[in-house]
**Q** 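Here it is, the structure in full.
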Amino acid sequence: MCRTTYVNGRYLPHRNAMVHVEDRGYQFADGVYEVCEVRGGRLVDERRHLARLKRSLDELRIRMPMSFAALGIVLREVVARNRIGYGIVYLQVTRGVARRDHAFPVPEVPPSVVVTARALNQARNEALAAKGIAVVSVADNRWGRVDIKTIGLLPNVLARQAALDQGARDAWFVNRDGAVTEGASTNAWIVTAAGTVVTRPADHAILRGITRTVLFDVIKTQGLHLEERAFTLAEAYAAREAFVTAASQIVLPVVRIDGRVIGEGKPGPVATALRREFHRYAEAG
Ligand code: PLP
């Protein structure tokens with residue numbers, strides 16, 4: 001089957017899907033993106049993802065390229081045309097194409113919109129979750145507004161590669177205070193010896209994950225105690241459990257950090273229960 005990609009109003013064969021070399025996303029990483037899980041052919045938490053997209057665009061003063069409803073139609077069309085049952089849909093909006101100049105284009109140009117979709121291997125993801133993953137810590141050298149979901153991801157790319165080079169799956173960013181901020185493309189969580197679930201508050205130093213937001217509801221219904229506060233790497237080493245969250249993998253247990261075994265070295269009951277319950281609380285499109 002030929003993959004289909006949406007580019008600026010057209011559904012194109014993936015191999016012919018292109019933007020101009022002077023797209024500001026390509027030249028300046030001047031754009032934002034969203035990744036939504038697809039399950040049973042339906043978008044998970046579309047409303048929240050599009051609301052966050054709008055917020056990211058507002059922060060960068062890029063206008064919404066079309067209404068929420070129209071964007072939703074494009075997302076679903078790309079999912080349908082690619083016959084995605086389980087996978088992800090990717091949406092990117094940049095400030096558009098203009099002669100290269102750091103300042104915003106005058107007059108304004110239309111934002112560029114790209115949507116791709118990809119099937120994921122559900123059995124492989126479940127196997128990964130059943131085994132748990134290793135993470136390594138890296139210095140958080142990102143800019144001060146990573147709450148905006150921009151396509152400027154070079155530190156995240158290097159962090160992820162550093163993890164793979166060390167035989168791990170994800171990297172956890174650690175700031176100058178020794179606090180874990182988040183993963184390279186995930187939010188970071190621990191469960192303390194007392195059983196409290198801890199994750200960093202959604203300030204400007206992390207992305208407010210949609211999975212993270214939904215998980216707050218799941219945690220409440222599981223009768224677990226949640227603390228939204230910064231935690232250190234030392235605390236994470238000593239945690240009973242650790243896990244990461246992201247739309248593409250929901251809840252993924254962490255069983256090793258910097259080579260140190262976490263808890264019993266296997267997925268713990270809290271992460272496992274939160275993963276199992278998650279989709280009862282997410283919005284299915
Ligand atoms: N933090 C970062 C840096 C990310 O890139 C992502 C997802 O891409 C997340 C957190 C998790 O966000 P969400 O749960 O909305 O996928």
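Whatever order the structure lists them in is the order used to number ligands and atoms, beginning at 1. Only a predicted model underlies this, so the values are computations on that prediction, with no experimental measurement involved.
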**Q** Does ligand 1 have any N/O pairs with the protein under 3.5 Å, and how far apart?
**A**
from: ligand 1; atom 1: 1 (N); to: E182; atom 2: OE1; distance (Å): 2.6
from: ligand 1; atom 1: 1 (N); to: T186; atom 2: O; distance (Å): 3.4
from: ligand 1; atom 1: 8 (O); to: K149; atom 2: NZ; distance (Å): 2.8
from: ligand 1; atom 1: 14 (O); to: I210; atom 2: N; distance (Å): 3.3
from: ligand 1; atom 1: 14 (O); to: T211; atom 2: N; distance (Å): 3.0
from: ligand 1; atom 1: 14 (O); to: T211; atom 2: OG1; distance (Å): 2.6
from: ligand 1; atom 1: 15 (O); to: R52; atom 2: NH1; distance (Å): 2.9
from: ligand 1; atom 1: 15 (O); to: R52; atom 2: NH2; distance (Å): 3.0
from: ligand 1; atom 1: 15 (O); to: I210; atom 2: N; distance (Å): 2.8
from: ligand 1; atom 1: 16 (O); to: A247; atom 2: N; distance (Å): 2.8

**Q** Measure from the side-chain N and O atoms of T272 to the backbone N and O of G268, and report whether any donor-acceptor pair falls under 3.5 Å.
**A** yes

**Q** Check whether T181 reaches the backbone of F173 with its side chain - one donor and one acceptor, N or O, closer than 3.5 Å.
**A** yes

**Q** Check for a donor-acceptor pair, side chain of N8 on one end and backbone N or O of V113 on the other, with a separation under 3.5 Å.
**A** yes

**Q** Among pairs that include at least one residue of residues 125-139, which meet side chain to side chain donor-acceptor pair (under 3.5 Å), considering only residues two or more places apart or in two chains?
**A** Y86-N125, E126-R275, S137-D258

**Q** Under 6.0 Å from the six-membered ring centre of F104 and within 45° of its axis: does the NZ or CZ of R95 meet both?
**A** yes

**Q** Surrounding CZ of R55 (heavy atoms of other residues, nucleotides or ligands, distance under 6.0 Å), is the total greater than 12?
**A** yes

